[in-house]
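See structure below.
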Amino acid sequence: MKDLNQAATAEAGTDEAYVDKKRYFWILSVFWPATPLIGLYLVAETGWSIWYGTVLILWYLAVPLLDAMFGEDFSNPPESAVPDLEKDRYYRVLTYLTVPMHYAAMVGSCWWVATQPMNAFEFIALALSLGIVNGLALNTGHELGHKKETFDRWMAKLVLAVVGYGHFFIEHNKGHHRDVATPKDPATSRMGENIYSFATREIPGAFKRAWELEEVRLERSGKSVWSLDNEILQPLIITVVLYAGLLAFFGPIMLIFLPIQMAYGWWQLTSANYIEHYGLLREKLPNGKYEHQKPHHSWNSNHIMSNLILFHLQRHSDHHAHPTRSYQSLRDFKDLPALPSGYPGMFLAAMFPSWFRSIMDHRVMDWAKGDLNKIQIEPGMREYYDRKFGSVAPAQPTAMPAE
Amino acid sequence: MAKYQCPDCGYTYDEVLGHPHEGFPPGTPWSQVPEDYACPDCAVRDKEDFVLIGAAPTGETATSAPTPAPAPAPEPVAAPQPPQPAPVAQAAPAAGTVYRKWLCITCGHIYDEALGDEHEGFAPGTLFSQIPDDWCCPDCGATKEDYVLYEEK
């Protein structure tokens, strides 16, 4: 797999046909959501309860290790190959195939919970495992929701409904992308803000923004926000039907199981939002608007392993600069703010605030070239950072003696 | 009736068709779209960033077309085609060359052919068409294809 590193960067401009070395590796993204079922199969085969935590072990330990081993891939498809890549249906079909995988993992796990004897540990391990892959339903829904075709957008709604986060596709496309890396965005974290307080700002803030966006759109059309054209209500109805069906089929145990996996699914999104723009800030222009969304307003990660199971989500810089580009053609750029590991490793670190800050704060400072005024800082933390990093005194350069 | 295009993702607002899903019935003129309206597909460009791509000879647009300064910087008068780079390249590489400027749509960096870019190794007078295709924006890393012809005022 190492030779993925040398994919065709230098060939740009030649007539040689470009070969996407990752083409078939993207299938990993399709199968990854089925991992809880693989875990259950292993439980059935061996009887060892450790396999209930298959996803947890892979996600938080194995993938970060593999990221460290395989390293990063900085190569880009040559621009001349991009139109063909974008047109190639194969890549799109993979995202479609991922949708039923999420449903299979969901129904399979619920069936297991309802029919097999489990102790409390095993139960929680399975619920969290399912939560992780269902959190990735948000990733699948993310890729699909950015597409322009109605079919793709319906697939997005369908897959987001698995984890009960149907408003994501409005909130993210029209809200987060518009406001990213500004104080207006509840889904951009501030330097010094820990993930737990971020979650209390992000989760309600995201819903509120999505709802308001739909309200404005429907108002223009002269429809009520409570109509069935509301694209937040549509996936919500699917969620209600799905969850009610699972409850009816598999009994009251679902009342405990479903909320845990759903909460942990949401937590994956919160983690992603937390690390994707930590501390970053777009400059305000003289006319009061913010500068355009540029690649350096997102933390990027070129780590091979985690990108392959996440449909390239981690090439987040290009994604935010050009949101409608498909995953297979996302590029790396020179001098991007970069995460030291892929998302799984960073998600783990994010849960330990002081660890996360020790990894990220100095990177944010480097990004801002030492100017705290160019960073979004958690209210109340400014003084702490002034002490820690020393403020770049804007006015009087002579007044401050060097330490 | 005119069309306006998002310079990032290529979404086109056609006044004839409107965009009913977004609440703009067919025939809604661009001027009635709210000022703070963001591109419905990519959301990273706003109404004011949109580029006029096809103006038909109705009375009102005909008056605004010849005057060189309508708000959304239009394609130069010489090249009324929607796509950006190709037709200009072979314009005049000869003696009395008119130098042009090129704008990176991702970050706003401007490449001025008259000045070249010493840091990037392009002598003054290097035409944009002479720059290698794999060259990237020195500010943000966007590709050469992300540049559009830049017309001042």
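Owing to the predicted nature of the structure, the values given are computational and were not obtained by experimental measurement. Numbers restart at 1 for each chain; the letters A, B, ... are given by sequence-line order, proteins then strands.
Summarising the local packing, CG of A/L228 is surrounded by 12 or fewer heavy atoms from other residues, nucleotides or ligands at distances under 6.0 Å. Atom CD of A/E219 sits in a sparse spot, with 12 or fewer heavy atoms from other residues, nucleotides or ligands closer than 6.0 Å. The number of heavy atoms from other shown groups lying within 6.0 Å of NZ (A/K148) is above 12. Around atom NZ of A/K374, no more than 12 heavy atoms belonging to other residues, nucleotides or ligands sit under 6.0 Å away.
Residues A/R220 and B/P34 have side chains in contact (heavy-atom distance under 4.5 Å, counting atoms from C-beta outward). Residues B/V44 and A/H322 are not in side-chain contact: their nearest non-hydrogen atoms beyond the backbone lie 4.5 Å or more apart.
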A/R153 and B/D41: CA distance, side-chain angles, deciding distance, salt bridge (charged side-chain N to carboxylate O under 4.0 Å, His left out) verdict
CA-CA 11 Å; A/R153 290 183 177 181; B/D41 278 347; 3.1 Å; yes

Might you work through the salt bridge (charged side-chain N to carboxylate O under 4.0 Å, His left out) test for A/K289 and B/D36, ending with a clear yes or no?
CA-CA 10 Å; A/K289 298 184 72 172; B/D36 61 350; over 6 Å; no

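Of all non-hydrogen atoms in A/S221 and B/G23, the two that sit nearest each other are OG-CA, 3.2 Å. B/A43 and A/K174 get closest at one heavy-atom pair: CB-CA, 4.2 Å. Scanning all heavy atoms of the two residues, the minimum distance from B/C42 to A/T324 falls at CB-CG2, 4.0 Å.
Heavy-atom distances place no part of A/H176 under 4.5 Å from chain B, backbone and side chain included. When heavy atoms are compared at a cutoff of 4.5 Å, B/F24 approaches chain A solely by way of its side chain, counted from C-beta outward.
Taking CD from B/E48 and CG from A/N287, the interatomic distance works out to 6.5 Å, rounded to the nearest 0.5 Å.
Donor-acceptor pairing under 3.5 Å is recorded for the side chains of A/H292 and B/D49.
Among A/R217, A/K223, A/R178, A/E231, the residue with the largest count of heavy-atom pairs under 4.5 Å with chain B is A/R217.
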